[in-house]
Trainee: 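Below you'll find the structure I mean.
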Amino acid sequence: MTRTVKRDLGTIISEGKRLTDLINDLLDITKIEAGKIEWDMKPISVSEIIEQATNITIGSCEQYGIELIKDVKEGLPDISGDRDRLVQVMINLISNAVKFTEKGSITCRAREINNKVMMSVIDTGTGIPQDCQEKIFEKFGQVKSSMKSRPKGTGLGLPICKEIIERHGGTIWVESEPGKGSIFSFIVPCSTGDSGV
């Protein structure tokens, strides 16, 4: 009896959280698309963005026995952006990687390319079929995970990431093969010292 009650309570809590996440994601993407978000654009350290995002997601990685690796090249220039929103993108990409990685690692990498910074989240997970790779950046476009132990997503995380990165004058994409993991990357311009969107 007690075990059944605990299980049912666990289900209620996790489904409540999923519903809250869905509502928050819907509000987020609606506000971004309607131009109702105030962007706090400033020069930001790339290593700080990755540090903050990994500090928040390390618990879920440890829970599933996944190694979380930081691979940030030293001396990277600052980028111009909204710190909270870029941290949100990294958290989203890491959380997605956790959902599809049964074992192995997730690497957060940052490199400079042509006066821009490329940040990537590389996982050793199940990978994404070619015909699904564009769809996942559309609202409610999802790839089903075979791992039932992992939390389910809302199908809005990647579209939100896409909106945020495009508002920063950047691009986001995925490279993946089934069974060989995925690399989600985005490029944003380096800071010129100006603020504003």
Trainee: Specify the closest pair of heavy atoms between T124 and G104, including all atoms of both residues, with the distance to one decimal.
Mentor: OG1-CA, 3.4 Å
Trainee: Salt bridge check: are E138 and K162 linked by an N-O gap of less than 4.0 Å?
Mentor: no
Trainee: If you look at every heavy atom in S182 and V174, which pair is closest and at what distance?
Mentor: CB-CG2, 4.4 Å
Trainee: Can you name the closest pair of heavy atoms from H168 and M41 and give their distance?
Mentor: CD2-CE, 3.5 Å
Trainee: Nearest 0.5 angstrom please: I187 CD1 to E112 CD, how far?
Mentor: 11.0 Å
Trainee: Is D78 salt-bridged to K42, cutoff N-O under 4.0 Å?
Mentor: no
Trainee: Please test S80 against S191 for side-chain hydrogen bond (donor to acceptor under 3.5 Å, both in side chains), starting from the C-alpha separation and ending with a verdict.
Mentor: CA-CA 4 Å; S80 180; S191 172; 4.9 Å; no
Trainee: In the structure I gave you, are the side-chain heavy atoms of N92 and L158 within less than 4.5 Å of one another anywhere?
Mentor: no
Trainee: Does a side-chain heavy-atom distance below 4.5 Å link W173 with S185?
Mentor: yes
Trainee: Answer whether the closest heavy-atom distance between the side chains of R109 and K70 falls below 4.5 Å.
Mentor: no
Trainee: Where is the tightest heavy-atom contact between C61 and I94, given as atom of each residue plus distance?
Mentor: SG-CG2, 4.4 Å
Trainee: List the atom of G181, the atom of S176, and the distance in Å for their closest heavy-atom pair.
Mentor: O-OG, 2.9 Å
